[in-house]
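Remarks on the structure that follows.
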Protein chains: 2
Amino acid sequence: MSLRHALLGLLAEQPASGYELTQVFEASLQRFAWHARHSQIYPELNKLADEGLVTVVGSGARNRRTYGLTDDGRAELHRWLVTPPGPPHVRNESVLRMFLLTALPPDDARALLERFAEEGARVEATLAEIRGDDSPEAVLEFGQFAAEFGLRYFRMQQEWAQWAIDALEKAGHTRPG
Amino acid sequence: MSLRHALLGLLAEQPASGYELTQVFEASLQRFAWHARHSQIYPELNKLADEGLVTVVGSGARNRRTYGLTDDGRAELHRWLVTPPGPPHVRNESVLRMFLLTALPPDDARALLERFAEEGARVEATLAEIRGDDSPEAVLEFGQFAAEFGLRYFRMQQEWAQWAIDALEKAGHTRPG
DNA sequence: ACCCGCATGTAAGCCGTTACATGATTTC
DNA sequence: GAAATCATGTAACGGCTTACATGCGGGT
């Protein structure tokens, strides 16, 4: 169960409310790391609070509660990070689609690859803005490592899609239809 | 629910038994596209057979059944592939860990990054072997697109980890400790 | 006043994991 | 004939999605 550690990790950077954490997932995390909805995040925060890993450090209008890490929470995050993970288990629907391309006639496949490349270009541009400042100090802030990873990932996605389009084309010359 | 489409896609390439499909997931698919266990695959195959999307095309010892796509199954796969997907929902524990690195003291972070880079190198080497032949004909076979994607992904992973290690070091000089 | 966005919550049902379970065939 | 591997299955439980639900606060 990685959701709780994702939450602990985000709160290690700075205290936040469930609403704000939900926005972080929606805006960035879900694109290349982890996906979660508010209906999962709120109960999990309450559970973490019950277990003493996070605690309410502030409150505002509309029943807003800001959570921060406790010492136990920080210890648990650290423990999880340094424990060697098992074999990787990935679920990525975009990539799955690309792997099943060969089931399509070349023209359809080509159209999908172009869409995939275009998505890569679009997200890369967004992330380049987010990244912004890349001075040594700024890069240590949370989100800078992530943004750089995303940038490289989506650039790779574009390049691969272009390679695949070329491969399709070459094969088309060799055995048309 | 992408599992059924993963199965349909694999069966579009060639007929296979549940056991063989499980091995494909274990050997390659789960590393960068989709993860599933036999306990999920067998019931899903039975469901797909009930719905007429796949059918038993052969049987062997030990109650082994080989499944193939029906016309309905091929149509469903095609429909799914050409339907534009919603916003991407990714779950990747390795990447999540890397995003939460800044919660660790630099030495621990560096150790994790080195492990991450090493994993990239190891998997890249494995995939380079799988890829093998890259003639235009071979590249159209299922697994060639996938292997190339994996190759580039894990190379990117290494390069990013090296970048992050350098960034940590530079920051260490700027504000030691 | 009204509307939109903020902010949190819950319940039903599906998807996925872990564990348990069984028997057949091949290999040594 | 013992052990390893092939081959499939199921049940309980926990994670996740979808949908429904509620109310406050700020802006116009």
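Fair warning: this is a prediction, and the values are worked out from it, not measured in the lab. The basis for the numbers below is simple: all heavy atoms, side chains too, and nothing from hydrogens, waters or symmetry mates. Naming convention: chains lettered A, B, ... in sequence-line order (proteins, then strands); numbering from 1 in each chain.
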- Task: Grab the CD-C1' distance between B:Glu44 and C:dC15 for me, whole Å please.
- Result: 10 Å
- Which whole-number value in Å describes the distance from B:Leu29 CG to C:dG16 P? 13 Å
- Nearest whole angstrom, please: distance from the P of C:dG16 to the CD1 of B:Ile41. 11 Å
- Task: Check the pair B:Arg97 / B:Phe116 against side chain to side chain contact (heavy atoms under 4.5 Å, CB included), numbers first and verdict last.
- Result: CA-CA 10 Å; B:Arg97 279 168 192 275; B:Phe116 195 61; over 6 Å; no
- Message: Within the 4.5 Å heavy-atom criterion, are B:Leu10 and B:Leu29 side-chain neighbours or not?
- Response: yes
- C:dT8 OP1/OP2 closer than 4.0 Å to side-chain N/O of A:Tyr42: yes
- Message: Base, sugar-phosphate or nothing for A:Arg4? Non-hydrogen atoms, less than 4.0 Å.
- Response: nothing
- Item | Carboxylate-amine/guanidinium contact B:Arg122 B:Glu119, below 4.0 Å | no
- Task: Please tell me which of the listed nucleotides, D:dT8, D:dT17, C:dC15, lies nearest to the side chain of B:Gln40?
- Result: C:dC15
- How long is the line joining CZ of B:Arg91 and P of C:dG16, in whole Å? 10 Å
- Query: Contact class for B:His35 vs. all strands (heavy atom < 4.0 Å): base, sugar-phosphate, or nothing?
  - Reply: sugar-phosphate
- Could you tell me whether A:Thr22 contacts a base, only the sugar-phosphate backbone, or nothing, with contacts defined as non-hydrogen atoms closer than 4.0 Å? nothing
- With respect to the side chain of A:Tyr19, which nucleotide from C:dC6, D:dT8, D:dG25 is positioned closest? C:dC6
- Starting at the 5' end of DNA chain D and moving along, which residue's nearest nucleotide shows up first, A:Ser2 or B:Thr66? B:Thr66
- Message: More than 12 heavy atoms of other residues, nucleotides or ligands under 6.0 Å from CG of A:Asp50: yes or no?
- Response: yes
- B:Arg64 CZ to C:dT26 C1': how many Å, rounded? 14 Å
- Considering heavy-atom distances to DNA chain C, does A:Arg62 or A:His38 have its closest nucleotide positioned more toward the 5' end? A:Arg62
- Rounded to the nearest angstrom, tell me the gap between atom CZ in A:Arg65 and atom C1' in C:dT8. 7 Å
- Taking A:Phe99 as the fixed residue, which of B:Phe32, B:Phe145, B:Trp34 is the one that meets the ring pair (Phe, Tyr, Trp, His ring centres under 6.0 Å) rule? B:Phe32
- Task: Round to a whole Å and report the spacing from CD of B:Gln23 to P of D:dT8.
- Result: 10 Å
- Message: Of the listed nucleotides (D:dT10, D:dG25, D:dT8), which one gets closest to any side-chain atom of B:Ser39?
- Response: D:dT10
- Residue closer to the 5' end of DNA chain D, A:Trp34 versus B:Asn63 (nearest nucleotide): B:Asn63
